[in-house]
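Quantities reported herein were computed from a predicted structural model and do not represent experimental measurements. In what follows, chains are A, B, ... by sequence order, proteins preceding strands, each numbered from 1.
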Amino acid sequence: MTGLPIAVVGASAAGLAAAETLRRSGWRGPLTLIGDEPHLPYDRPPLSKQLLHGAWAPEKLLLRTTDQLAPLDLDLRLGTRATGLDVATRTLTLDDGTELACAGVIIATGVAARTLPGADRIAGVHTLRTLDDALALRSRLAKGGAPGSEGVAAGGRGLRLVIVGNGVLGCEAAAVARELGHDVTLVGIEATPMAAAVGTEVGELLAEEHRARGVRLVTGAVAGFETAPADPADGGDPRVTAVRLAEGAAPSGGAPGGSGETAPGGGRLLPADLVLVAIGSRPAVEWLDDPALDTGDGLRCDAYCAAAPGIYAAGDVARWDHPVHGRPLRFEHRMNATEQGMAAARNLLAELAPSAPAGAEEAAPAQERRPFAPVPYFWSDQYAVKIQAYGLTAGADRVETTVVDRAERRVLALYGRDGSAVGVLIAGLPPRQVRALRAVVAAPLPWEEARERIAAATAPG
Amino acid sequence: MKITLDADKCCAAGQCVLIAPEVFDQRDEDGVVVLLDAAPPAAQHDAVHEAAAICPAAVIEVHA
């Protein structure tokens with residue numbers, strides 16, 4: 001084992017947190033950080049907000065500068081993809097042919113955007129997961145109008161943007177595109193935006209906000225795209241002209257209809273200059289083909305974030321046994337990426353410590369491995385509305401929504417499962433109250449007790 | 001220890017206040033971070049490092 005590195009696969013928030021924690025916790029051996037994108041580790045939540053809007057330059061998304069990374073003494077391999085892992089020997093294979101035998105491995109490969117069949121061969125159809133994705137979409141939004149026309153910023157007309165998928169990402173992008181003056185249609189299979197994440201009542205309040213800002217909401221499944229022949233100046237791919245819905249699609253919630261036309265084969269058409277496909281993501285586990293690993297929906301881990309001896313996972317890709325909630329969970333939340341990266345790093349070091357690998361002699365006294373038991377947190381910004389949620393809001397079997405002030409979009413919602421309160425969502429309340437609500441759902445709590453504690457935490461004065 | 005903030009990036013998660021309430025606070029109107037003590041005493045250093053590491057918007061920078 002002498003001199004073997006710890007390798008962190010994935011150079012986004014979770015992977016960076018893991019690498020930094022390994023060093024802070026005393027790992028002095030070689031440390032390899034592998035990222036498939038060419039960029040230094042950057043932050044993803046602003047991609048669909050400040051970056052897409054144009055308010056922030058890409059440099060502002062960097063999580064660390066080169067100078068800040070230097071003390072980590074990383075073997076940083078950007079633009080490099082891991083293609084295989086032999087669990088028994090802890091050996092990684094990289095796409096440049098390298099075989100890397102490791103003391104331990106932390107897998108933080110995240111998720112990849114799902115898309116629709118054929119979408120990658122149609123100009124004007126985008127996804128939004130990476131910095132390059134966001135810059136490409138931003139560039140199109142900034143140009144505005146038809147090819148060759150003046151941009152929105154220069155007074156040109158807005159683009160007809162159809163966003164396929166009304167989850168968190170689609171809703172955030174819709175808000176930004178409206179603020180930039182584009183004509184936005186948000187299409188979802190679910191009638192209510194973000195319903196899967198926050199339930200229908202809060203989702204309907206968001207729907208009101210989007211409608212008030214002029215976003216057209218449509219319920220339906222997308223059957224395909226209509227295209228026009230390639231513009232010689234725009235590369236070789238045909239250009240999108242419309243999104244074709246499956247038959248039976250309708251505007252949701254009483255919004256005015258008549259915005260689309262009917263395709264010759266049936267099914268409505270939504271004219272589009274530009275399309276964003278935001279229909280969720282799939283965990284990046286296809287490279288893990290070792291039968292010792294369960295990659296059913298993300299990489300399955302125990303309560304310590306271990307997928308196998310010496311193999312840990314963190315962030316969007318990891319499905320682990322949350323010790324408080326008693327079932328395997330996977331989060332695509334920014335906060336979880338960092339927290340789980342830190343936890344996986346500490347637990348890996350604790351596991352390695354008894355075998356005293358070279359490089360760890362000077363490490364701090366070995367810590368016990370600890371179950372990873374965070375209070376989940378996510379936020380979303382749409383227009384001036386900031387949603388924050390602690391605990392579990394998805395998959396609730398009971399939701400109680402209190403609208404504190406409809407016009408101001410002040411809302412508090414409690415989410416339950418199997419008789420216990422497990423999640424709370426807040427919009428528009430003072431920060432002190434928001435922080436106090438975290439403790440209410442730190443662990444499942446009897447429903448009535450949770451209601452009483454919420455009332456106490458949000459009492460005036 | 002000296003702390004600097006890029007408060008423009010703050011997403012108002014409030015984790016820093018939960019971890020180091022004597023060093024960080026949030027503005028009432030929008031939850032953006034407020035620095036109460038840019039050079040906190042040694043007893044606060046671990047908490048400040050933890051807050052900086054966990055901040056989901058990479059707002060807090062700690063200088064030696």
Can you pull out all donor-acceptor pairs below 3.5 Å that join chain A and chain B?
unit_1, atom_1, unit_2, atom_2, d
A:Lys60, NZ, B:Asp8, OD2, 2.7
A:Gln68, NE2, B:Glu61, OE1, 3.4
A:Gln68, NE2, B:Glu61, OE2, 3.1
A:Arg334, NE, B:Pro56, O, 3.2
A:Lys386, NZ, B:Cys11, O, 3.0
A:Arg435, NH1, B:Gln26, OE1, 2.5

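Summarising the geometry of A:Pro431 relative to B:Gly31, their closest heavy-atom pair is CG-CA, 3.6 Å, with the distance given to 0.1 Å.
Neither the backbone nor the side chain of A:Leu61 comes within less than 4.5 Å of any heavy atom in chain B.
With respect to chain A, the highest number of heavy-atom pairs below 4.5 Å among B:Ala57, B:Gly14, B:Ala58, B:Ala12 belongs to B:Ala12.
Evaluation of the side chain to side chain contact (heavy atoms under 4.5 Å, CB included) rule for A:Ala457 yields A:Ala436, A:Leu437 as partners, not counting sequence neighbours.
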